[in-house]
There are 2 protein chains.
Amino acid sequence: MAQVLDKIDTKILGILQENSNRTTKSIASELGMTTSPIFERIKKLEKEGYIEKYVAVLNNKKIGLKLTVFIGITLQGHTRSYLEKFVNEINNFPEVIECHRVSGNFDYLLKLVVEDIEAYETFIISKLTLLPYLGNVQSLIALSTSKETNEIDLSRV
Amino acid sequence: MAQVLDKIDTKILGILQENSNRTTKSIASELGMTTSPIFERIKKLEKEGYIEKYVAVLNNKKIGLKLTVFIGITLQGHTRSYLEKFVNEINNFPEVIECHRVSGNFDYLLKLVVEDIEAYETFIISKLTLLPYLGNVQSLIALSTSKETNEIDLSRV
DNA sequence: ATTAAAAACAGAATTATATTCTTTATAAAT
DNA sequence: ATTTATAAAGAATATAATTCTGTTTTTAAT
């Protein structure tokens, strides 16, 4: 297999991660090509998994979910079967949009999006702290967010 | 202004945030309607800002960015003009995909996506620690990620 | 309850785009 | 130089987005 992604592929990925509604025609004209090779390349990027999916990004605030919170968690008992159970519970909470197992001062880091402080407190009290073996729990409440994107800088690739 | 989002709008948002390439026809058939009202509703949701943008989600690992890191930062000097400068610098680093000002044990929480541990170290040494007034810096390296989405549970809205 | 006005919908018609196909060019290997 | 494989161009087709018109439904005021 030759070079996996060439310059053109990288440019296409960059364009689509910024706006996935761009037409093949407009991408083609930007890159000085015609639609068919652009189309074929995009299909290839999809099939090979470089592009995972296409999604609409919503404005959480407008929808009524005004608060983002990060929660660092340390567990007390670390049996494998419990960890699996714990992660499974966490992932099923609709408030949780990210769950990472981390190294450092915590075992897990969660990212939540909730309505407001009250909804956050409800989550802590009637969901999170009901889980057993919970050790240290530390919350970081987002006061403001200056950057929040999924867009990757592809100049590094 | 009447109820801002009705059930149909919410369903449309739910569908599009899961897969923005769904055709109006397929959405219409799922919701038991015809294409024109669906089309009009989507355009309205875009114009009013409920839908911010449409993006392709890439597979970072496949692209060569294998490491996600969270960094908690405390600052020492907190003059307003310095904060602005600091945030501005942070936001311009291509490794940083999120920057939140937080309350709790840190002033800022960053999310980074980088190639590997080496690239992470390079970021710390030759970018982050060059910024003045830096206090405590604490990294959480993602060992594994069980959930990572932008998708919001709309049943709460 | 009745009516007028506005909003939402259905269905058809049109326009634009995605997708496929065929041909031509390019590059690599023998 | 010749063959083979890969990528691109350009035309043709299929599908989807978008617009338009007429109808129904909803809303609000009387």
**Study point:** Sidechain N-carboxylate O distance under 4.0 Å for A/Lys43, A/Glu46
**Key:**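 Yes, A/Lys43 and A/Glu46 are salt-bridged.
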Review point. Would A/Lys11 and A/Glu30 pass as an ion pair if we require N to O under 4.0 Å?
Key: no
**Study point:** Within 6.0 Å of CD in B/Glu48, more than 12 heavy atoms from elsewhere
**Key:** yes
Revision key, fill the gap. Sequence neighbours excluded, the answer for side chain to side chain contact (heavy atoms under 4.5 Å, CB included) partners of A/Tyr82 is A/Leu75, A/Thr79, A/Phe86, A/Leu131, A/Pro132, A/Tyr133
Euclidean distance, atom [atom1] of residue [X] to atom [atom2] of [N] [Å, nearest integer]:
X       : N      : atom1 : atom2 : answer
B/Ile42 : D/dA16 : CD1   : C1'   : 12 Å
A/Ile8  : C/dT26 : CD1   : P     : 14 Å
B/Tyr54 : D/dA16 : OH    : P     : 17 Å
B/Arg41 : C/dA7  : CZ    : C1'   : 10 Å
B/Met33 : C/dG11 : CE    : P     : 12 Å
B/Lys44 : C/dA7  : NZ    : C1'   : 9 Å
A/Leu31 : D/dA8  : CG    : P     : 11 Å

Study note, to complete from the structure: B/Ser26 meets the side chain to side chain donor-acceptor pair (under 3.5 Å) criterion, sequence neighbours left out, with B/Arg22
Practice item. Can you tell me which residue pairs pass the side chain to side chain donor-acceptor pair (under 3.5 Å) test with a partner in residues 59-77 of chain A, sequence neighbours excluded? Key: A/Asn59-B/Glu52
Review point. Do B/Ile73 and B/Asp107 have side-chain heavy atoms sitting under 4.5 Å apart?
Key: no
Point to revise | Qualifying ring pair (Phe, Tyr, Trp, His ring centres under 6.0 Å) pairs with a residue from residues 15-42 of chain A, counting only residues at least two apart or across chains | key: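 Qualifying pairs: none.
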Exercise for review: Using five pairs at either end of the helix from C/dA1-D/dT30 to C/dT30-D/dA1, determine the angle between the two local helix axes and round it to 10 degrees.
Suggested key: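 If I round to tens, the end axes sit 40° apart.
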Point to revise | Contact pattern, 5' to 3', of nucleotides 16-25 of chain C - B, S or - by protein heavy atom under 4.0 Å | key: -SSSB-----
